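Numbered from 1 within each chain, the chains take letters A, B, ... in sequence-line order. Note that the structure is predicted; figures quoted are calculated from it, not measured.
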2 protein chains.
Amino acid sequence: MANKGCIIRLSRYRNALLRLKALNFVKVFSENLADSARVTAVQVRKDFSLFGISGNRRGGYLIEELIAKISAILGKDEVQRFVIVGIGNIGQALLHYPGFKKSEIEIVAGFDIDQNKHNRQAAVPILPLEELGNFVEKNKIRFGIISVPDSAAQETLQLMLQAGIKGILNFAPICLKEPQNCVVRNLSLETELENIIYFTVLAEKEETGK
Amino acid sequence: MANKGCIIRLSRYRNALLRLKALNFVKVFSENLADSARVTAVQVRKDFSLFGISGNRRGGYLIEELIAKISAILGKDEVQRFVIVGIGNIGQALLHYPGFKKSEIEIVAGFDIDQNKHNRQAAVPILPLEELGNFVEKNKIRFGIISVPDSAAQETLQLMLQAGIKGILNFAPICLKEPQNCVVRNLSLETELENIIYFTVLAEKEETGK
DNA sequence: TAGATTGTTAATCGATTAACAATC
DNA sequence: TAGATTGTTAATCGATTAACAATC
């Protein structure tokens, strides 16, 4: 019913709503949210209707109420805890990424095979990879991030599955197959940049072509 | 003609092809590439046909040739240089991200308002934000990455536009409007994780619902 | 009531998939 | 020739958009 695009838009609406709330606004119209997420007002209302969210005809939506409803849909009624496997550049950055807090996302531990990186005392501890299974089970963690080199991505996935992880974001530039019982999203930074390069070069060509 | 999804898939095919080449393979079938990018073989051939890439009926595709053709489409005939504005967690990680090398992507400088972060001697120098315009112009940089807090994202975009940047990846969780003459892709890590959370919770509900 | 906005149904658009023709 | 794979055209599917009805 709701597709991936729709959920991404809900996240964006929520981000905008939090900002509006901080500015003490009370009401919002679909047109405002459309501006913030770079879509049309119809799209906003359609997205809401998929989840039975309704406003006041003529009066728009109450910001507080909308935030509560979208937050519930996105699973923000509780803090969602993640582990990270692979404490390289990206893993290290995500370990203390400040932006997660307002999204009720918490990184609770990192794991790496390199013992020079281990640090049990840190606020977010970095532990030996062997401890992943126990830690995940003991702390009932459901989400994981893979930020290992691509050669290690597949086996990291296996470890996470064995540990009982149910949702994974994979930064390695290798497309992991989505297994039964686990959601996997492949996001490669190289690929994102290549996308921008392609469409930029294309736009330039079109311009000079005219 | 070619949509965003298609270009992302081309990147993935290319990644897989590089790996196959490293293993000394010579030929590849659309079925193989389909496996690597988690799509169907028809999708692969359709993508290729959009760009006039053809193989040998019965004989598949020559890996070397395919890499060359896809690389040309993705703008890899020359190294594409990026600047990063905002040397926080993410910016710092991207500055030295090893995965960019094989994609012919080079980060040439970082910029920040915090002078404690400045370092002209580093391999990838970190410079005061005021120098962005000059640097970009002098070095003919066309691509930029925004990794500043969301409150600063909009003005960073303006600075980049003035400097002449033509393609931008924005990590701030605020949706920047795509201006004339510049490609902007908004990628927020919070949003990506929220997406995974939603679909994981959904899958769990469906399972227990049965 | 008139005007503005929401909410829904139907139409359109674009991307994926199926079917099949071409050919090595 | 028979079999396997590519390449293309047509059909399907799903998401977005347009049109309009509902109502505050």
(message) Please verify the inter-ring angle class for Phe48(B) with Tyr61(B); under 30° counts as parallel, over 60° as perpendicular, anything in between as tilted.
(response) perpendicular
(message) Listing request: all side chain to side chain donor-acceptor pair (under 3.5 Å) pairs with a residue in residues 155-178 of chain B, at least two apart in sequence or in separate chains.
(response) Asn170(B)-Asn186(B)
(message) Using the salt bridge (charged side-chain N to carboxylate O under 4.0 Å, His left out) criterion, which residues pair with Lys76(A)? Sequence neighbours excluded.
(response) Glu194(B)
(request) Go along nucleotides 2-13 of chain D 5' to 3' and tag each nucleotide: B for a protein heavy atom under 4.0 Å from its base, S when only backbone or sugar atoms are that close, - otherwise. (result) -BBBBBSBB---
(message) Can you confirm whether Lys102(A) is buried at NZ, in the sense that more than 12 heavy atoms of other residues, nucleotides or ligands lie under 6.0 Å from that atom?
(response) yes
(message) Just verifying a value: how many Å separate Tyr13(B) OH and Ser36(B) OG, rounded to the nearest 0.5 Å?
(response) 8.0 Å
(request) For Leu10(B) and dA15(C), give me the distance from atom CG to atom P, rounded to whole Å. (result) 14 Å
(message) For dA22(D), give the paired nucleotide (Watson-Crick: N1-N3 plus N6-O4 or O6-N4; G-U: N1-O2 and O6-N3; both under 3.5 Å), or none.
(response) dT5(C)
(request) Please state how far atom CG in Leu50(B) lies from atom P in dA15(C), giving the value in whole angstrom units. (result) 9 Å
(message) I need the Leu187(B) CG to Ile196(A) CD1 distance, nearest 0.5 Å.
(response) 8.5 Å
(request) Write down the partner of dA15(D) under the Watson-Crick or G-U wobble criteria, each distance required to be under 3.5 Å. (result) dT12(C)
